[in-house]
Amino acid sequence: MSYVLGIDVAPTRTHAATRTRAGEGWGPPEPLWLGEQAPSAASALFLDDEGYLLTGDAAAHAGAEIPSRLLTGFHQRIGDEVPIIVEGERFSPQSLSGVLVEGIVEHAADLFGEAPGQVVLTHPAGWGGYRRELLRRELTTAGITAVTLVPGPIAALHAHLPAPGPADTAAAVCEYGPDGVTVTLATASGASGWRQVTTAEGVAPAAAVSTVFALAHTASVPPKALAGLVFCGAITPGSLPGRLPCPVFAGPHPELTTALGASAVTTSAPARRAEAAVETTLLPQPGLAPEVSERPARPPVEITPFALPERRGPGKLFGKRRPLAAAAAVLTLTASILTITLTTREATAGGHPRPAPPTSCARPGAGASAEGHC
C-alpha cells in the first residue's frame, strides 16, 4: 500500500487528502486538489443530455444553467427509500454517493499512477449500521473494496489527537456547516481509541462551546479534563472562542481538517486502535454481503415507493423506459376490465335467473363461483 486516500463529503463541498508511505513509516497528510479554483470541489452531480453524470465543480457550473438537472445533498440522504428523480431518471442516494466517490478515486489514481491501497470515507455523525451498510454495498458494486467508513468527528480528532493519552478521558469536536454546528463528544476507550458517545446537531455557533461543556457534564467529565476541543468545517471569521479551560485545535485550514484526519485513521499505530471505535471493516465481496441491520424509523410522512432502476456504473448511459411494453400492459389491463364489466351486466340484467358463467374465464380451467365470477 503506497498511499491512503481520505474523503470527506460535506453538504456543500467535498475535500480529500492523501498520506503516502515514506520508507517504513508514513509522511504527513496532504490535501488532494479536486476543484478548479480550490482544493475542494462541489458535492454535486449533473445529469447531461446523453445520460452521463458530471461531478464536482463541472457539475455545479452546468447546474447553474440548468438547475433542474443538478443533484446535491444526496450523501446526507442515504437511507431514504424515496429515489431522487431527475429528467425521469431515478437514483438512490447511495448510488449518487458511489459515483462521486468513484470519480475521486479515479482522479487520485491518475495522479499517483495507481489506485489507493485504502480509502477512508467519512459519514455524518448520526448514521447507524443500516446507512453504513447501504453505502458499503454501493461502493462494492463500484469496485471499491478496500474502504473504511468513519464518522466525520472521529476523523477530525485524528487530525490533531490520533489517540488518547494515558490520562485522557474525553475530547470534543465542533463541526461547522450550513445548518449550524454539529457538536460531538468522544470518550477514550482504552486500546480502541476514540469512541463517539453523543452528538448534538444544528447548534447555533454562539452556543457551540456551551453545548460541548453540557455534553461533557452529562458524561461526568469536567471541561478542564477534555483532552482537546477540535474546530473544523466552514468556520466563519471571529466565531472561534477565546481562552478555554481545555486545549483548542483549529488548524490553518479547518475546512480540510476532517479529510486530513481521515487519511491518517488507518496509517499509524494509534489510529489502528481506533478502527474498532468507529465500527469499520473492509468491504466484503459482492457475493458475500452481510445482512443489513434493521433500518431506522421513517419520519411521519406518506411516501410512495418507486422501483429503482438497476445501476450500470458511473459515467454510463442509464436505462430508458420501455413505452411499447408499458402500452401492451395497459391494453391487457383494459381488456380484462371490459370483460369483467360485461360479465357483471349480463349476470344482473332483469329479474331472470343468472345464466351459466362464460367459459372464457381469466384463469383457464377455473370454475365459476356461486356469484358467476371467474
Side-chain angles (χ1 to χ4, degrees), residues 6-19 28-35 38-40 43 120 122 124-125 150-165 168-188 193-194 196-216 221-265 268 270-271 274 278:
I7 303 174
D8 175 39
V9 182
T12 57
R13 305 290 295 180
T14 295
H15 301 81
T18 59
R19 194 176 191 188
E30 297 181 354
L32 178 67
W33 197 278
L34 300 178
S40 64
S43 300
V120 181
T122 67
V150 56
I154 298 299
L157 277 176
H158 276 273
H160 299 286
L161 299 168
D168 296 336
T169 58
V173 177
C174 290
E175 184 178 6
Y176 288 69
D179 298 323
V181 183
T182 299
V183 179
T184 300
L185 180 70
T187 59
W194 296 115
Q196 180 177 307
V197 174
T198 183
T199 297
E201 299 180 344
V203 178
V209 174
S210 61
T211 303
V212 169
F213 294 157
L215 296 180
V221 178
K224 63 181 180 180
L226 291 173
L229 175 54
V230 176
F231 290 88
C232 61
I235 301 177
T236 58
S239 60
L240 291 179
R243 186 173 181 178
L244 296 177
C246 62
V248 175
F249 303 95
H253 301 287
E255 68 278 2
L256 292 170
T257 297
T258 303
L260 294 171
S263 68
V265 165
S268 62
V278 298

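Below, each value reflects all heavy atoms present in this structure, side chains not excepted, and no hydrogens, waters or symmetry copies.
Remark: Thr122 OG1 to Asp8 CG distance equals 3.5 Å, nearest 0.5 Å. A distance of 9.5 Å separates CG of Leu260 from CD of Glu255, quoted to the nearest 0.5 Å. Ile7 contributes atom CD1, which lies 13.5 Å from atom OG1 of Thr258 (distance to the nearest 0.5 angstrom). Between atom NZ of residue Lys224 and atom CG of residue Leu226 there is a gap of 12.0 Å, rounded to the nearest 0.5 Å. Distance check: Ile235 CD1 to Glu175 CD gives 10.0 Å after rounding to the nearest 0.5 Å.
Contact annotation: the side chain of Phe231 approaches that of Pro241 to within less than 4.5 Å [non-hydrogen atoms, C-beta and beyond]. Phe249 is not listed as a side-chain neighbour of Thr257, based on a closest heavy-atom distance of 4.5 Å or more. Between Phe213 and Pro223 there is a side-chain heavy-atom pair separated by less than 4.5 Å.
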Check residues 199-211 and write down every donor-acceptor pair under 3.5 Å in which the side-chain atom is one partner and the other belongs to a residue at least two apart or another chain.
from	atom 1	to	atom 2	distance (Å)
Thr199	OG1	Thr184	OG1	3.3
Ser210	OG	Ala207	O	2.9
Thr211	OG1	Ala207	O	2.7

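A donor-acceptor contact shorter than 3.5 Å links the side chain of Gln196 to the backbone of Ala125. With Ser43 contributing its side chain and Thr14 its backbone, the two residues share a donor-acceptor pair below 3.5 Å.
For Leu157 against Trp194, the heavy-atom pair with the smallest separation is CD1-CG, 3.9 Å. Between Val173 and Pro153, the shortest heavy-atom contact is CG2-O, 3.5 Å. Ala262 approaches Gly6 most closely through the heavy-atom pair CB-CA, 4.0 Å. When all heavy atoms of His15 and Leu34 are compared, the closest pair comes out as C-CD1, 4.1 Å. Pairing each heavy atom of Pro178 with each of Pro11, the nearest pair is CG-CB, 4.0 Å.
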Kindly indicate, with the supporting measurements, whether the criterion side chain to side chain contact (heavy atoms under 4.5 Å, CB included) is fulfilled by Cys174 and Val183.
CA-CA 5 Å; Cys174 290; Val183 179; 4.2 Å; yes
